[in-house]
Amino acid sequence: MPWFYIGVALSLMLGFVFNSLLLSVSTFLIVLLFKHWHNLQQLDIWLNSDDNLAELPEVKGIWGRVFDRITQLQSQHRQSQQALKNSIIRIQKSTHAMREGVITLDANGTLEWWNAAARKMLGLKKNQDQGTPLINLLREPDFFRYFHQADFSRPITVNSPTDTSQVLQITVTEFGMGDKLLVLRDITYKQNLKHMRSDFIGNVSHELRTPLTVIHGYLETIQVHHPELDKQLQKVHSRMLFQTQRMTNLVQDLLMLSRLETNINQPTEVENNVAQLCKQARSDARAEAQQMDKELTINLHLNSEQYLLGVEGEVRSAITNLVINAVKYTPDGGQIDISWEVCDEGLCFSVSDDGIGIAEEHIQRLTERFYRVDASRTLSTGGTGLGLAIVKHIMHRHQGRLDIVSELGKGSRFTCVFPHPKQPLAASLYAATHG
Ligand code: ADP
């Protein structure tokens with residue numbers, strides 16, 4: 001910067017000519033100030049330049065060191081930016097190669113980004129669908145309800161909008177400020193296998209029903225028309241009758257389970273008079289107790305008159321299963337309490353007994369098919385081991401759950417929690433959004 005030296009020379013000269021040290025010093029300071037202002041000006045131009053590759057001018061001294069350090073930091077920044085870009089590209093490439101569909105939604109539920117698999121599964125188009133609410137594209141009422149209830153603890157199964165034979169399982173994870181990450185899995189194969197298994201069980205049970213009815217009928221006829229059977233034969237005969245009844249119950253329960261599993265279409269729902277169903281269940285329980293030669297106190301606590309929107313046969317089946325279980329597993333002289341009431345989460349039906357109870361380690365597994373705490377006791381009660389599996393399925397289909405609390409030797413409480421009357425809100429929102 002030769003003019004700087006010229007300035008210094010000028011200040012010395014002025015001082016010498018006018019014989020004034022003050023003039024010389026002030027001229028020098030002005031020159032120095034101008035030098036700094038000039039360098040600052042250069043830095044400002046560089047900072048505001050659109051040219052990413054523009055370089056800072058070469059200067060010496062403290063400004064030179066500052067410019068060098070800035071250049072060094074800029075180069076480090078460029079390198080890390082490039083590394084970040086490379087890893088983003090890598091992540092995008094790997095997510096695009098995934099078999100699972102991946103979608104990110106913002107807090108309003110609109111589509112932000114998706115990978116290639118999600119594009120295929122939902123038929124998404126980049127220019128058209130980005131920024132569109134997902135529920136406008138995935139127009140299944142079940143998904144709409146699931147999305148609005150915002151309980152993502154369980155995945156949901158839906159049919160692909162582009163190919164209705166394709167079954168997708170969607171898992172939602174929330175992150176950030178209400179943003180969502182959706183993972184979509186094609187479970188068509190798994191679902192088909194499940195249906196094949198249920199169909200097979202359903203068909204076999206159906207085929208077994210007729211011969212069993214015939215055998216049972218003949219055994220009853222023998223009982224009525226041949227009271228003279230000798231003691232030994234009578235014993236054999238009543239055993240045969242008991243076992244055919246057990247098999248008939250088993251076939252009925254298997255058919256019910258297979259129907260619950262395969263019927264993926266929403267069945268017709270009606271307003272169920274649960275109070276009335278409870279009264280009916282109490283009569284059934286009394287009859288069952290009498291048959292089992294037990295004296296039981298059976299109390300009804302109908303604290304709500306509210307009707308329940310649900311599938312008629314299924315609601316009745318859940319209630320009956322729990323009440324009959326209470327009779328089976330409560331010894332003579334015991335007490336059973338059946339109640340129907342409004343609870344925090346909606347409507348609750350519960351059955352409590354002071355019967356044999358269940359040890360804690362079994363409670364988790366009670367709703368598995370054929371799971372029995374004590375097989376020998378169940379066989380004597382004629383149980384199928386499918387009752388609680390049926391109740392669990394029914395509750396699941398009614399978006400509810402089955403709670404079990406029990407203590408060995410003290411008794412049990414089974415509660416069916418039906419969530420608040422099924423969201424007319426969701427239905428109206430759905431209608432509003434989907435016209
Ligand atoms: P089961 O036909 O054997 O009764 P469930 O599926 O209805 O089949 O019940 C599964 C098991 O849960 C039963 O075998 C029994 O051990 C236990 N259980 C069900 N209800 C009760 C109850 N009220 N008290 C004690 N144990 C019960």
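The first residue of the sequence shown is numbered 1, and numbering continues consecutively from there. Whatever order the structure lists ligands and atoms in, that order sets their numbers, starting from 1.
- When the SG-SG distance for C416 and C348 is compared with the 2.5 Å cut-off, it comes out at or above that value.
- Not one N or O of Y371 is nearer than 3.5 Å to an N or O of ligand 1, by distance alone.
- Between W340 and F418, the two ring planes are perpendicular [angle over 60°; tilted spans 30° to 60°].
- In this structure, W63 and F67 have perpendicular ring planes: the angle between them is above 60°, well past the 30° mark.
- For A389, no nitrogen or oxygen atom sits less than 3.5 Å from a nitrogen or oxygen atom of ligand 1, counting backbone and side chain alike.
- Polar contact with ligand 1: absent for I358 (N/O pair, distance under 3.5 Å).
- Look at G355 and you'll find every heavy atom at least 4.0 Å from all atoms of ligand 1.
- Checked against E368 for a side chain to side chain donor-acceptor pair (under 3.5 Å), the options R372, Q364, R365 give a single hit: R365.
- The closest approach between a heavy atom of H362 and any atom of ligand 1 is not below 4.0 Å.
- With a heavy-atom cut-off of 4.0 Å, D353 touches ligand 1 through its side chain alone.
- Numbered from 1 in the order shown, with element, the atoms of ligand 1 that lie under 4.0 Å from a heavy atom of L388 read 5 (P), 6 (O), 7 (O), 9 (O), 10 (C), 12 (O), 19 (C).
- Counting atoms of ligand 1 from 1 in the listed order, those under 4.0 Å from a heavy atom of G387 are 5 (P), 6 (O), 7 (O).
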Residue pair N115, Q92: steps toward the side-chain contact (heavy atoms from CB on, under 4.5 Å) verdict: CA-CA 8 Å; N115 69 350; Q92 280 192 342; over 6 Å; no
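- Looking at K294, its side chain does come within 3.5 Å of a backbone N or O of V327 through a donor-acceptor pair.
- Annotation for ligand 1: atoms under 4.0 Å from non-hydrogen atoms of F414 are 20 (N), 21 (C), 22 (C), 23 (N).
- Between Q280 and D284, the side chains place a donor N or O and an acceptor N or O closer than 3.5 Å (distance only, hydrogens not considered).
- Interatomic distance, CG of L134 versus CG of L105, reported as 5.5 Å (0.5 Å rounding).
- Looking at L366, N325, V351, it is L366 that brings a heavy atom closest to atom 12 (O) of ligand 1.
- Atoms of ligand 1 found under 4.0 Å from any heavy atom of G385, numbered from 1 in the order shown, are 1 (P), 2 (O), 3 (O), 6 (O), 8 (O).
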